[in-house]
Amino acid sequence: LMSIKKSYLNDSEKDSFRSIAYYNLSIVEENFLNFEEAISASNASLTFLDRSSGHIQLSYLYQKSLQLKKAYDEAITASSKKPFTFFPQKSLIEIYIMGGELEKAIELSNKLLKSDDYQWIDNFGLSIKAFKSDLYRQLSVAYLYKSNQIKLYDQGYMTFFHSIIYRVK
């Protein structure tokens, strides 16, 4: 990718091409569970073009490797970059669920479901119904986990787990 020297592309187009190529390489590496290589490729993508897609890819990769703080930071960064989509917020919902912050996950899911700003969705080959269906899936998982938390509290198990956690700290 770095050897692109003579071509009909100007420098800006070359950087865009390289960014997309590294982004796609990151997805391939992720599919082969090569997370370190995928993260490296995503970072390389961002050096050529700092866009939301590279940051959201990093957020997904950090989620899969259970580095929730890094995943959160990348999702927040992605939400401030172009192009604007709801993917960073969907990533945050997953992070909140994984981190046990179920109220935040539920609140953000409901906020996205109430939104009527879907002009971005056609650019990603999605439908509003498919997008909302995935949000409802996330919401159902959050409520299922919340239900299980309540059951554990009622049975006294959460107090036991908290005592173990505090001893480990």
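Of all non-hydrogen atoms in Ser26 and Ala38, the two that sit nearest each other are OG-O, 2.9 Å. The two residues Leu102 and Lys146 have their closest heavy-atom pair at CD1-N, 3.4 Å. A pairwise comparison of heavy atoms in Tyr118 and Leu113 identifies OH-O, 4.2 Å as the closest pair.
Tyr62 meets the ring pair (Phe, Tyr, Trp, His ring centres under 6.0 Å) test with no other residue; sequence neighbours excluded.
Using a distance-only test at 3.5 Å, with no hydrogens or angles considered, a donor-acceptor pair links the side chain of Ser109 to the main chain of Ala105.
Rounded to the nearest 0.5 angstrom, Ile76 CD1 and Ser79 OG are separated by 5.0 Å. Going from atom CG of Leu108 over to atom CG of Leu112 covers 4.5 Å, rounded to the nearest 0.5 Å. To the nearest 0.5 Å, atom CD1 of residue Ile56 and atom OG1 of residue Thr77 are 10.0 Å apart. Between atom CG of residue Leu46 and atom NZ of residue Lys81 there is a gap of 8.5 Å, rounded to the nearest 0.5 Å. To the nearest 0.5 Å, atoms OH (Tyr22) and CZ (Phe17) are separated by 10.5 Å. The NZ atom of Lys90 sits 10.0 Å away from the OG1 atom of Thr85 when rounded to the nearest 0.5 Å.
For the residue pair Ser42/Gln57, the side-chain donor-acceptor check at 3.5 Å is not satisfied.
A single hydrophobic cluster is seen to contain both Leu139 and Tyr145, as judged by linkage of ILVMFWY side chains at heavy-atom distances under 4.5 Å, directly or through other members. Note on Tyr72 and Leu58: separate hydrophobic clusters, where clusters join Ile, Leu, Val, Met, Phe, Trp and Tyr whose side-chain heavy atoms are under 4.5 Å apart, directly or indirectly.
The stretch residues 61-72 participates, sequence neighbours left out, in these salt bridge (Lys or Arg N to Asp or Glu O under 4.0 Å) pairs: Glu30-Lys64, Lys69-Asp73.
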